[in-house]
Chemist: 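The structure is given below, and queries will be raised subsequently.
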Amino acid sequence: MKFYFLFILVFSAYVSAEPKQAAIATAHPLATQAGIDILQQGGNAFDAAAAITASLAVVEPYSSGIGGGGFWLIHRASDHKQVMIDGRERAPMRSTHDMYLDKAGNTIKGLSLNGPLAAGIPGVPAGIEHLVKHYGRLSLKEVLAPAIKQAQAGFAVTARYRKLMAYRIEVIKQYPDTARVFLDEYKIPALGSLIVQADLAQTLTTMAKHGSQGFYQGAVAEAMVASVKANGGIWELDDLDKYQVVERAPIIIDYNGITITSVAPPSSGGIVMGQALHILGQFDLAQYDPVTRKHIIIEAMRRAYRDRAAYLGDPDFVKVPVERLLDEEYTEGLALSIDLDRATPSHDLSDITTTDQTGTDTTHFSVVDTDGNRVAATLSINLPFGSGFIAQGTGVLLNNEMDDFSVKPLTANAYGLVGDHANAIAPGKRPLSSMTPTFLETDDRIGILGTPGGSRIISMVLLGVLDFAKGNPPQSWVSLPRYHHQYLPDEVQYEQGGLSSSEQAVLKSKGHVLKEKNRQYGNMQAIMIWKKRGLIFAASDPRGEGRANVFYLP
Ligand code: DON
C-alpha cells in the first residue's frame with residue numbers, strides 16, 4: 001500500500017509524460033501493485049510482467065495460474081524487437097485423437113473440462129522464467145517475491161470470486177485438495193475472507209530457487225504427476241521435462257494507417273482479427289449509419305471466424321495458410337460477399353452445426369515502463385478455476401485447456417467454437433486459442449490491449465481497435481457495449497445493453513438472429529501512449545475488479 005501516493009489517477013489516468021512515467025493495467029489491484037513494486041525496484045516492463053503473471057496466478061486463481069498457459073506479446077524499446085512468447089499448454093504425450101469420445105464416437109460430457117485429464121502441460125512457469133532471463137533486469141527470486149508473499153498472506157474473496165466459484169463449485173467439491181484451498185467447509189467463502197495458499201507459496205519458492213526446473217523437474221513435478229495419475233490423468237514426468245516456450249513472430253496487420261501487432265498461431269486472435277479488419281478496410285465505415293456499420297462488422301466477424309474453424313491450429317503440427325487468409329484479393333472477395341441489407345446465413349458459407357456456449361474466465365494485463373518497453377499478455381487456465389483440480393501437495397491448480405482442441409470434428413467446445421482436423425488433438429500439440437494481446441501504433445499513438453472472454457476475445461479486441469481508429473481513449477475501448485458473431489452458432493450475441501432496441505429491430509429485419517447473453521462480458525485492460533502530447537492513459541474494464549494506474553517513478 002505504501003506506493004499508493006504515487007498514483008496520479010485510479011481507474012483511468014492522465015498525466016504529463018515528462019520525464020519518467022509508466023503504466024500498468026491488470027484485472028486485480030494486488031497484481032497491479034506487484035508490477036508497480038517491481039518497477040520501483042528497478043525492474044523493467046518484462047520483470048513487471050513476470051511478477052504480474054505470478055501474482056495473478058495467486059490472487060486470480062479462477063483466471064490464470066502456474067498450472068496454465070498464455071501469450072506474452074512484447075516490444076523492446078532499445079531495438080524495437082517485437083516478439084510473441086508462446087507459453088500455451090501442450091497436450092500430454094499420452095493423449096490421443098479420440099480421448100474424450102465414447103465407443104460410439106460421441107463426446108463424453110465433462111471429460112475435457114473437469115479433473116486432471118482435461119489439463120494440458122502448463123507453460124506459465126517457463127514463460128515467467130523466459131521473460132526474466134532473456135528480457136528482464138532482476139532475478140527470478142526478486143520478481144516472484146510479491147506473489148509468494150501474497151500466497152502466504154492470503155487475498156480477500158471478492159464478488160467476482162464468489163460468482164465464478166458458483167459456476168464451478170460442483171466440480172471443485174469433488175477434489176478435496178482444491179476444496180480445502182478455495183472453499184470454506186465446502187461452501188463458497190464469505191466476501192472478504194482470506195484465501196491462503198501455503199503449498200502454492202512453497203512451489204513458487206522452489207521456482208525462485210531452482211528456476212522453472214523447480215516446477216518441471218524434481219519434487220514438484222513428481223508430486224504433480226503422481227497426483228494427476230491417481231485421479232485419472234495421463235501426465236508423465238517427461239511431458240513436464242520437455243515443455244518449452246516458443247518465440248514466434250507476431251502477426252502484423254495494417255488497418256487504415258494503424259499498424260496492428262498481434263498474436264500468431266497457436267492463437268487464432270491475430271489472424272481472425274486481421275482478416276476481419278482487412279474485410280472492413282474495404283468499407284468506409286464512417287459513411288454508414290451506426291446500425292449498418294454494426295451489420296458490416298458482424299458480417300466481417302462471421303467470415304473471419306468461419307476460416308478459424310476450417311484452417312487454424314498449432315503451426316508446429318499443421319500448415320496454417322496465414323498469407324492466404326490475410327491476402328488482399330481474398331479478403332476483398334469476402335467483403336464483396338457482404339449484402340448491406342441482409343445477413344448471410346452461416347450455412348451459406350459452409351454447413352457445420354454446433355451448440356451454445358457457457359460462462360468463462362481468463363485474464364489480460366498491459367504494461368509500459370519508463371523506457372517504452374511494453375507487454376500485452378493474456379493468460380488462461382480456460383474455464384473459471386480451470387479443471388477444478390489442484391495437484392496434491394503443490395498448490396498448482398490445473399487448467400482445462402484441452403477443451404480448446406476440437407475434440408471431435410465440427411463439434412462445439414465450451415465456447416460453441418467448432419474446428420476440424422487443423423485443431424484435432426495430438427500428443428505434444430498446442431490447442432488453438434482465441435487470446436489476442438495486441439499492440440496498435442500510428443504516428444502519434446500507441447495502444448496496448450487485450451481481454452479474456454473465450455471466443456469473444458477476438459471480437460472484443462476488434463471493437464477496441466475500431467474505437468482506437470476513431471481516436472477514442474482506452475477508457476472508451478474498455479467500456480464499449482459489446483456484440484459478437486462467431487460464424488456458428490449463427491447468431492449475433494450481445495451483452496446486456498450491447499445493442500439498443502432500435503438497433504435490434506433493424507438487425508432482425510436484415511435477418512440476423514439475436515441472442516442476449518445474460519450478463520456483460522469481458523475484462524479489458526488497456527493503455528494508450530499519446531506520443532506527440534506526451535500523455536499516457538490507462539483503463540481497466542468497468543465490468544471487472546481490476547486497477548489501472550499511470551505513475552511516476554523516482
Ligand atoms: O485460449 C482460449 O481461447 C481460451 N482458453 C480462453 C478462455 C477465456 O478467455 C475464458 N474467459 N473468459
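In this text the structure is predicted, and so the values were computed from the model without any measurement. Whatever order the structure lists ligands and atoms in, that order sets their numbers, starting from 1.
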Chemist: Considering the heavy atoms of S380, write down every atom of ligand 1 situated less than 4.0 Å from one of them.
Modeler: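 Those of ligand 1 that fall under 4.0 Å from S380 are 5 (N), 6 (C), 7 (C).
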Chemist: Please determine if I457 has a nitrogen or oxygen closer than 3.5 Å to a nitrogen or oxygen of ligand 1.
Modeler: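 Checking ligand 1 against I457, no N or O pair falls under 3.5 Å apart.
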Chemist: Using a 4.0 Å heavy-atom cut-off, say whether T362 meets ligand 1 through its side chain, its backbone, both or neither.
Modeler: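 Both parts.
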Chemist: Salt bridge (charged side-chain N to carboxylate O under 4.0 Å, His left out): which pairs involve residues 316-325, sequence neighbours left out?
Modeler: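 Listed by first then second residue: R248-D316.
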Chemist: Have R302 and S346 got a donor and an acceptor in their side chains that come within less than 3.5 Å?
Modeler: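 Yes, a side-chain donor-acceptor pair sits under 3.5 Å.
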Chemist: Heavy atom of R88 under 4.0 Å from ligand 1?
Modeler: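 A heavy atom of R88 does come that close to ligand 1.
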Chemist: Applying salt bridge (charged side-chain N to carboxylate O under 4.0 Å, His left out), which residue pairs with at least one partner in residues 401-416 are found, sequence neighbours left out?
Modeler: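 Of all non-adjacent pairs touching residues 401-416, those that pass salt bridge (charged side-chain N to carboxylate O under 4.0 Å, His left out) are R88-E401, R88-D404.
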Chemist: Which of the atoms of ligand 1 are close to S434, meaning less than 4.0 Å from one of its heavy atoms?
Modeler: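 Atoms satisfying the 4.0 Å criterion: 1 (O), 2 (C), 3 (O).
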Chemist: Near M435, which atoms of ligand 1 are under 4.0 Å from a heavy atom of that residue?
Modeler: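 Counting atoms of ligand 1 from 1, those under 4.0 Å from M435 are 1 (O), 3 (O).
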Chemist: For a salt bridge (Lys or Arg N to Asp or Glu O under 4.0 Å) with E495, tell me which candidate from R543, R456, K517, K515 qualifies.
Modeler: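 It is R543; the other options fail the test.
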Chemist: Under a heavy-atom criterion of less than 4.0 Å, does Y415 contact ligand 1?
Modeler: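 Checking ligand 1 against Y415, which is what was asked, there is a heavy-atom contact under 4.0 Å.
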Chemist: With backbone taken as N, CA, C and O and side chain as the heavy atoms from C-beta onward, which portion of R430 lies under 4.0 Å from ligand 1: side chain, backbone, both, or neither?
Modeler: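 It is neither; nothing of R430 touches ligand 1.
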Chemist: On a heavy-atom basis, which atom in N472 and which in W477 lie closest, and how many Å separate them?
Modeler: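 What the structure gives for the nearest pair is O-NE1, 2.8 Å.
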